[in-house]
Visitor: 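Before I ask anything, let me first share the structure, which is written out below as C-alpha cells.
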Amino acid sequence: MTLDINRSDLTVGVVGTGAMGRGIAQVTAQGGMKAIMFDAAPGGAAKAKAAIVETLKGLVAKGRLTDADLAKADANLGVAEKLEDLKGCHVVVEAVFENLEVKQKLFGELEAVLAPEAILASNTSSIRIASIARALKHRDRVCGMHYFNPVPLMKLVEVIRTTDTAQWVVDAMVALGKRQTRVPVVVGDTPGFLVNLGGTAIGTEGLRIYQEGRATPAQIDTVMRESCGFRMGPFELMDLTGIDVNFPARKIIYEGFFHDRRMTPSPYHESLYAAGKLGRKTGGGWYAYDAKGAKVDPGSDHLPSVEAAKSVVIMDTHNQKLVSLVNADGAKMLGADDGKSPILVAPIGKDCTTTAIELGLDPKRTVAVDLTGDITKRLTIMTAPGADPVVRDSVAALLAKSGAKITLIKDSPGFIAQRMVAMIANLGCEMAMIGIASAADVDTAMTLGLNYPRGPLALADWLGVKETHEILVQAQAITGDDRYRPSQWLRRRAMLGLSATTVE
C-alpha cells in the first residue's frame with residue numbers, strides 16, 4: 001500500500017483547533033493541500049479558520065505573502081461539522097488535549113470513518129503512539145506527527161514510528177512534512193520522542209549543579225549563554241516554558257526510562273511546581289519577574305576588590321590557551337612554585353581539590369580556570385575548600401584584564417560548561433546508539449526544535465570527543481554517580497579519534 005503525497009487533491013484532516021491544530025492546518029493550506037478542520041466544540045472549526053485567515057492577512061500587510069497566496073490558502077481551508085465529514089481525507093492529524101483515553105476513543109471513531117488506506121497521525125508530545133493505536137484494527141497506518149509551537153515558525157516535525165507502523169506510512173508522512181515546508185526527522189516511539197528526551201540533559205544537569213550548591217541559576221544560565229552560545233540557559237528556559245509543563249515531562253521521561261540516572265529529576269524543581277511558582281506565567285519561578293514580565297537578574301559576575309596578581313605559576317605550560325591568556329594580562333609566569341604566587345590549573349572534568357592533590361600543589365593557592373568556549377566573554381574559576389580568597393581574587397582581577405567577565409563558583413568536577421555540554425552530548429550519543437533517530441537527525445532536531453547552537457553530537461566535536469569522554473569519566477569517578485556514565489557511542493569514538501557524528 002502507498003500514498004502519493006504529491007497528488008493534487010491531497011486532503012488532510014485536522015482534529016482539534018487549538019493553537020497546534022490551527023498551525024498544522026495553516027502550513028497544510030499554505031503548502032497547497034486541502035486542510036479540513038474539525039473541533040468537538042460547536043463552531044470551533046469555523047472560528048479557527050477565521051483566525052487563520054486573519055493571521056494570513058497580517059502576513060500580506062507585512063509583505064510576506066501576496067493576495068494570491070492568501071486566496072489560495074483560504075480556498076484550501078475547509079470546515080467539517082461532524083467527524084464523518086472527514087471520510088474523504090487521505091491523512092488525519094489529531095491535535096486534541098493530552099489524554100490517552102480521549103485519543104484512543106477518537107482514533108477508534110476515525111478508523112470507522114476513514115478509508116482503509118488513510119493515515120492516522122497524532123500530534124501528541126508525551127503519549128506513546130503505540131498506546132493510542134493499541135485497540136485499532138489497522139495499527140500499521142498509525143504514526144506520530146509531532147509539530148512544535150508555533151507551528152508556522154518552528155520548522156521541525158518529528159515523524160514517530162511504532163513497531164507496527166508500516167514503512168510506506170513513514171515515507172508518506174516525511175513527504176507530507178516537506179510539502180508543509182517543515183523539516184521532518186524520523187523518531188522511535190520512546191518517552192519524550194527525540195527533542196523532549198534530548199532536552200532533558202540541559203535541565204537535569206543544570207539542576208544537579210544547583211542542587212550540589214556549586215553555582216546559582218543565574219551563573220549557570222550566563223555561562224551557557226556567553227561561553228557556550230546557547231540562546232537561553234536551563235533555568236531561563238524552564239521559566240519560559242512553565243514549571244507546570246517541564247517538571248511533569250521530566251517525571252514521565254524518568255519513569256519511562258525506568259529511572260535511568262541520566263534522567264533524574266530534582267526535588268528543587270518539584271518544590272517550585274508544588275508551590276505554584278511556575279515561571280513567567282506566575283511572575284516567579286527560578287527568577288522573579290517585574291510587572292512588565294521582565295526578568296529580575298540577580299547578577300552572576302564576580303567583582304574582586306584586590307589588585308591583580310603580578311606573577312602566577314602555571315603547571316601545564318603546554319596549555320597554550322592558558323599561557324596566552326596570562327601573557328595578554330601582563331603577569332609574570334613562573335616555571336617553578338615560589339611558595340607564594342597563585343597557581344593556575346585548567347582541569348578537564350576534575351575539580352580543583354582533585355587536581356591540587358594529584359599534582360601535589362598547595363590547595364590554598366591553586367585556582368582552577370575553565371577555558372571552555374568563548375573565553376573572550378566570560379571565564380569561570382573555582383578553588384578548593386579552604387583556599388585563600390585574596391589569592392583567588394587576585395587571579396580573578398588578573399583574568400578580568402582580558403575584558404572577560406568572571407564567574408566564581410564552588411569546587412565542581414567539570415566546572416559548569418564542561419559538565420553541561422558533556423551531558424548534552426552524551427545523551428545525544430546515546431539516542432543515536434539506541435536508534436531513537438539517526439545521528440544526523442538527532443543534531444537536526446535539537447538545533448531546530450530547541451534552538452541549540454549545535455546539535456548534541458556536534459557539541460561533542462566542538463568540545464572535543466576525547467575531552468567530552470574524559471569529563472564524564474572524571475565526573476563519574478569523583479561523584480560516584482552513574483548518571484555520568486559515558487555512552488558507548490561516545491567512548492568508542494573517543495578511543496578511535498573519530499567525530500561523534502561518525503555512523504556505524
Side-chain angles (χ1 to χ4, degrees), residues 10-60 65 69-114 118-127 129 132 142-160 173 176-177 179-182 241-242 245 281:
L10 187 78
T11 304
V12 178
V14 179
V15 179
T17 57
M20 294 301 294
R22 292 181 187 186
I24 295 166
Q26 179 180 327
V27 298
T28 301
Q30 287 185 269
M33 297 161 280
K34 188 76 173 179
I36 301 179
M37 293 177 286
F38 170 78
D39 198 284
K47 290 179 181 178
K49 177 179 177 178
I52 294 170
V53 171
E54 285 302 310
T55 297
L56 296 175
K57 287 180 179 177
L59 295 176
V60 171
L65 290 179
D69 294 329
L70 170 60
K72 289 178 182 178
D74 190 0
N76 283 333
L77 289 168
V79 172
E81 297 297 330
K82 54 187 183 299
L83 206 62
E84 290 75 11
D85 294 342
L86 301 177
K87 63 183 178 181
C89 292
H90 303 100
V91 177
V92 172
V93 180
E94 165 271 311
V96 302
F97 60 93
E98 296 286 77
N99 181 286
L100 176 59
E101 292 182 358
V102 169
K103 291 179 188 288
Q104 287 176 329
K105 181 176 183 293
L106 173 60
F107 271 60
E109 294 170 346
L110 287 169
E111 185 177 49
V113 169
L114 298 174
I119 294 173
L120 284 166
S122 175
N123 180 57
T124 180
S125 61
S126 61
I127 299 173
I129 304 301
I132 298 171
V142 179
C143 69
M145 201 68 173
H146 180 214
Y147 299 83
F148 292 80
N149 192 31
V151 179
L153 299 180
M154 298 294 285
K155 289 294 186 180
L156 183 70
V157 61
E158 294 177 328
V159 180
I160 299 123
M173 297 309 275
L176 175 63
R179 195 168 173 187
Q180 292 171 325
T181 68
R182 305 302 93 187
T241 58
V245 174
K281 66 180 68 176

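Keep in mind that what you see is a predicted model, and the values were worked out from it rather than measured.
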Visitor: Evaluate Gln30 against Thr181 for side-chain hydrogen bond (donor to acceptor under 3.5 Å, both in side chains), listing each step before the verdict.
Guide: CA-CA 9 Å; Gln30 287 185 269; Thr181 68; over 6 Å; no
Visitor: Below 4.5 Å, heavy atoms only, C-beta onward: do Glu94 and Val92 meet side chain to side chain?
Guide: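 No - every pair of side-chain heavy atoms lies 4.5 Å or more apart.
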Visitor: For the atom pair CD1 (Ile52) and OG1 (Thr28), what is the distance rounded to the nearest 0.5 Å?
Guide: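 Atom-to-atom, Ile52:CD1 and Thr28:OG1 are 9.0 Å apart.
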Visitor: Evaluate the side-chain proximity of Leu106 to Leu83: yes if any heavy-atom separation is below 4.5 Å, no if none is.
Guide: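 Of all side-chain heavy-atom pairs linking Leu106 with Leu83, at least one is under 4.5 Å.
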Visitor: Taking it one step at a time, do Val60 and Leu56 satisfy side chain to side chain contact (heavy atoms under 4.5 Å, CB included)?
Guide: CA-CA 6 Å; Val60 171; Leu56 296 175; 5.6 Å; no
Visitor: Side chains of Gln26 and Thr55 only: does a donor on one sit below 3.5 Å from an acceptor on the other?
Guide: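 No donor-acceptor contact under 3.5 Å links the two side chains.
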Visitor: Run the salt bridge (charged side-chain N to carboxylate O under 4.0 Å, His left out) test on Glu84 and Lys87 for me, step by step, so that the C-alpha distance in whole Å, both residues' side-chain angles and the decisive distance to 0.1 Å come before the verdict.
Guide: CA-CA 6 Å; Glu84 290 75 11; Lys87 63 183 178 181; over 6 Å; no
Visitor: If I take atom CZ from residue Arg22 and atom CG from residue Leu77, how far apart are they, to the nearest 0.5 angstrom?
Guide: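 Arg22 atom CZ to Leu77 atom CG measures 12.0 Å (nearest 0.5 Å).
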Visitor: When you compare the side chain of Thr17 with that of Lys47, does any pair of heavy atoms fall below 4.5 Å?
Guide: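 Answer no - side chains too far apart.
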Visitor: Lys103 and side-chain contact (heavy atoms from CB on, under 4.5 Å): which single residue from Asn123, Ile129, Val15, Thr124 fits?
Guide: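 For Lys103, the side-chain contact (heavy atoms from CB on, under 4.5 Å) test succeeds with only one of Asn123, Ile129, Val15, Thr124, which is Thr124.
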Visitor: I need the minimum non-hydrogen distance between Val27 and Pro152, along with the two atoms involved.
Guide: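 Minimum heavy-atom contact is CG1-CA, 3.8 Å.
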Visitor: Nearest 0.5 angstrom please: Leu114 CG to Ile119 CD1, how far?
Guide: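 Separation between the atoms: 11.0 Å.
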Visitor: State, to 0.1 Å, how close Ala75 and Lys34 come at their nearest heavy-atom pair, and which atoms those are.
Guide: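 Closest pair (atom of Ala75, atom of Lys34, distance): O-NZ, 3.1 Å.
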Visitor: At their closest point, which heavy atom of Val151 faces which heavy atom of Arg182, and how far apart are they?
Guide: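 Looking at all heavy atoms of both residues, the closest pair is O-NH1, 2.6 Å.
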Visitor: With heavy-atom distances below 4.5 Å as the criterion, would you say the side chains of Phe38 and Asp85 are in contact?
Guide: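 Not in contact.
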Visitor: Mind listing the closest non-hydrogen atom pair of Met145 and Met173 along with its distance?
Guide: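 The answer is CE-O, 3.2 Å.
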Visitor: With the side chain counted from C-beta on, respond yes when Lys105 and Val102 share a heavy-atom pair under 4.5 Å apart, and no when they do not.
Guide: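 Not in contact.
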Visitor: If I compare all heavy atoms of Val79 with all of Ala45, which pair ends up nearest, and what's the gap?
Guide: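 Distance-wise, the nearest heavy atoms are CG1-CB, 3.6 Å.
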Visitor: Within the structure provided, determine whether Asp74 and Lys49 are in side-chain contact (heavy-atom separation under 4.5 Å).
Guide: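 With C-beta onward as the side chain, the pair touches.
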Visitor: For the residue pair Ile132 and Leu100, establish whether any side-chain heavy-atom pair is separated by less than 4.5 Å.
Guide: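 With C-beta onward as the side chain, the pair touches.
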Visitor: Where do Lys72 and Asp69 land on the salt bridge (charged side-chain N to carboxylate O under 4.0 Å, His left out) test, with the steps shown first?
Guide: CA-CA 5 Å; Lys72 289 178 182 178; Asp69 294 329; 5.5 Å; no
Visitor: To check you understand the geometry: which heavy-atom pair defines the closest contact between Ala29 and Ala73, and what is its length?
Guide: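 For Ala29 and Ala73, the tightest heavy-atom pair comes out as CB-O, 3.7 Å.
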Visitor: Roughly how far apart are Cys89 SG and Met33 CE, rounded to 0.5 Å?
Guide: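 Output value for this atom pair is 12.5 Å.
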